[in-house]
Amino acid sequence: MDLNSHSIGENDTMHQHLIGAAGLVGATALLVGCSSAPAQSSSGSEVGPTTEQIKALFADWNASLATGDAQKVADRYAPNAVLLPTVSNQVRSTRAEIVDYFEHFLKNKPSGTILDSHVAVLDTDDAIDAGTYRFALTREGKPTTVDARYTFVYEKVDGKWLIVNHHSSAMPERV
């Protein structure tokens, strides 16, 4: 078929279809380029963190709780972090607010244990760990436990893994 034999209206329609197809190819390439697969080095090997490395970040955070020092716990959070804590209705979006929460929470001598963890490594500098955990606490001198759901979103900042978002909520049903 000769493009020159078409009328101007037909050429406009064909031009629109070609532009639409090119746009679809471009959008597909963009989506594939932004996939959540871990980054790869020039040799083809993965350079992102392993699932086990991301799971170990909880142990580091839990160890900071054991210090009883709210500042040390807050050091595990990025400067722009958001904390949606288990035992407070207030969203904590500044370091001072995060420290304030942990100053109160640490009085309960918390110690967490992961019950169920699902890690997603997004790329070399971003990962998510979501699941359930149990906290052993001491309230009014009596030991108790609290089961909760959690999501930790981690980002590597200046070579250090920090929490950028932490959401924790008590389980809605008794286990």
Side-chain angles (χ1 to χ4, degrees), residues 30-31 33-40 46-175:
L30 180 62
L31 286 173
C34 293
S35 75
S36 62
Q40 302 205 345
E46 290 184 13
V47 294
T50 66
T51 297
E52 293 309 312
Q53 288 171 319
I54 297 306
K55 285 183 177 185
L57 296 172
F58 175 81
D60 296 341
W61 177 82
N62 200 36
S64 72
L65 293 180
T67 69
D69 184 340
Q71 295 290 338
K72 288 187 180 182
V73 179
D75 289 344
R76 307 290 312 160
Y77 291 79
N80 62 338
V82 174
L83 169 63
L84 301 171
T86 313
V87 293
S88 172
N89 292 334
Q90 180 184 346
V91 175
R92 312 298 174 121
S93 60
T94 67
R95 181 178 175 92
E97 291 171 339
I98 291 170
V99 167
D100 176 69
Y101 173 75
F102 284 109
E103 283 175 344
H104 295 92
F105 185 62
L106 291 174
K107 291 177 184 176
N108 297 316
K109 297 180 175 68
S111 177
T113 304
I114 297 285
L115 302 175
D116 186 31
S117 171
H118 302 271
V119 171
V121 174
L122 304 178
D123 57 36
T124 57
D125 296 330
D126 300 283
I128 300 170
D129 182 4
T132 58
Y133 50 21
R134 175 172 293 142
F135 277 94
L137 307 167
T138 302
R139 289 191 177 158
E140 299 175 10
K142 297 178 185 172
T144 186
T145 61
V146 174
D147 289 343
R149 300 173 286 195
Y150 72 86
T151 303
F152 286 98
V153 179
Y154 297 104
E155 182 177 349
K156 191 185 277 186
V157 179
D158 296 327
K160 183 178 179 183
W161 285 99
L162 297 175
I163 300 163
V164 292
N165 189 295
H166 177 190
H167 178 196
S168 181
S169 56
M171 296 292 257
E173 301 172 9
R174 294 300 258 168
V175 180

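The chain is numbered in sequence order, starting from 1.
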Please list, one pair per line, the donor and acceptor atoms closer than 3.5 Å that link side chains of residues 66-75 to other protein atoms, with sequence neighbours excluded.
{"unit_1": "T67", "atom_1": "OG1", "unit_2": "S64", "atom_2": "O", "d": "2.6"}
{"unit_1": "T67", "atom_1": "OG1", "unit_2": "D69", "atom_2": "N", "d": "3.1"}
{"unit_1": "D69", "atom_1": "OD1", "unit_2": "Q71", "atom_2": "N", "d": "2.9"}
{"unit_1": "D69", "atom_1": "OD1", "unit_2": "K72", "atom_2": "N", "d": "3.4"}
{"unit_1": "Q71", "atom_1": "OE1", "unit_2": "R95", "atom_2": "NH2", "d": "2.9"}
{"unit_1": "D75", "atom_1": "OD1", "unit_2": "R95", "atom_2": "NH1", "d": "3.1"}
{"unit_1": "D75", "atom_1": "OD1", "unit_2": "R95", "atom_2": "NH2", "d": "2.7"}

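- In terms of the side chain to side chain contact (heavy atoms under 4.5 Å, CB included) criterion, residue partners of I114 (sequence neighbours excluded) are, by chain and number, F58, S117, Y133, Y150.
- Here the OG1-CG distance, from T94 to L83, works out to 10.5 Å after rounding to the nearest 0.5 Å.
- Taking the ring-ring contact (aromatic ring centres under 6.0 Å, His included) definition, one finds that Y154 meets it with F152, sequence neighbours left out.
- Applying the ring-ring contact (aromatic ring centres under 6.0 Å, His included) definition to pairs two or more places apart or across chains, those involving residues 105-129 are Y101-F105, F105-F135.
- When the side-chain hydrogen bond (donor to acceptor under 3.5 Å, both in side chains) test is applied to W61, the partners found at least two apart in sequence or on another chain are Y77.
- Under the 4.5 Å side-chain criterion, counting only non-hydrogen atoms from C-beta, V146 is in contact with R139.
- Under the salt bridge (Lys or Arg N to Asp or Glu O under 4.0 Å) criterion, R92 pairs with D100, not counting sequence neighbours.
- Judged as a salt bridge (Lys or Arg N to Asp or Glu O under 4.0 Å), not a single pair has a partner in residues 102-119 (not counting sequence neighbours).
- The two residues D125 and D123 come nearest to each other via the heavy atoms N-OD1, 2.8 Å.
- Remark: side-chain polar atoms of N62 are paired, donor with acceptor, to backbone N or O of G112 under 3.5 angstrom.
- Note that the CG atom of N165 and the OG1 atom of T151 stand 7.5 Å from one another [nearest 0.5 Å].
- Contacts classified as salt bridge (Lys or Arg N to Asp or Glu O under 4.0 Å) and involving residues 50-61 (residues at least two apart or in different chains) are given here: D60-R76.
- When every heavy atom of A148 is checked against every heavy atom of S168, the shortest pair comes out as CB-OG, 3.9 Å.
- Interatomic distance, I54 CD1 to D129 CG, rounded to the nearest 0.5 Å: 8.0 Å.
- Closest approach of P49 to V121, counting heavy atoms only: O-CG2, 3.6 Å.
- Listed by first and then second residue, the salt bridge (Lys or Arg N to Asp or Glu O under 4.0 Å) pairs that reach into residues 155-172 come to none, sequence neighbours excluded.
- Within the model, atoms NZ of K142 and CG of L137 stand 14.5 Å from one another, a figure rounded to the nearest 0.5 Å.
- The shortest distance between side-chain heavy atoms of Q90 and P85 does not fall below 4.5 Å.
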With side-chain contact (heavy atoms from CB on, under 4.5 Å) as the criterion, how do T132 and D147 come out once you've worked through the C-alpha distance, each side chain's angles and the decisive distance to 0.1 Å? CA-CA 7 Å; T132 58; D147 289 343; over 6 Å; no
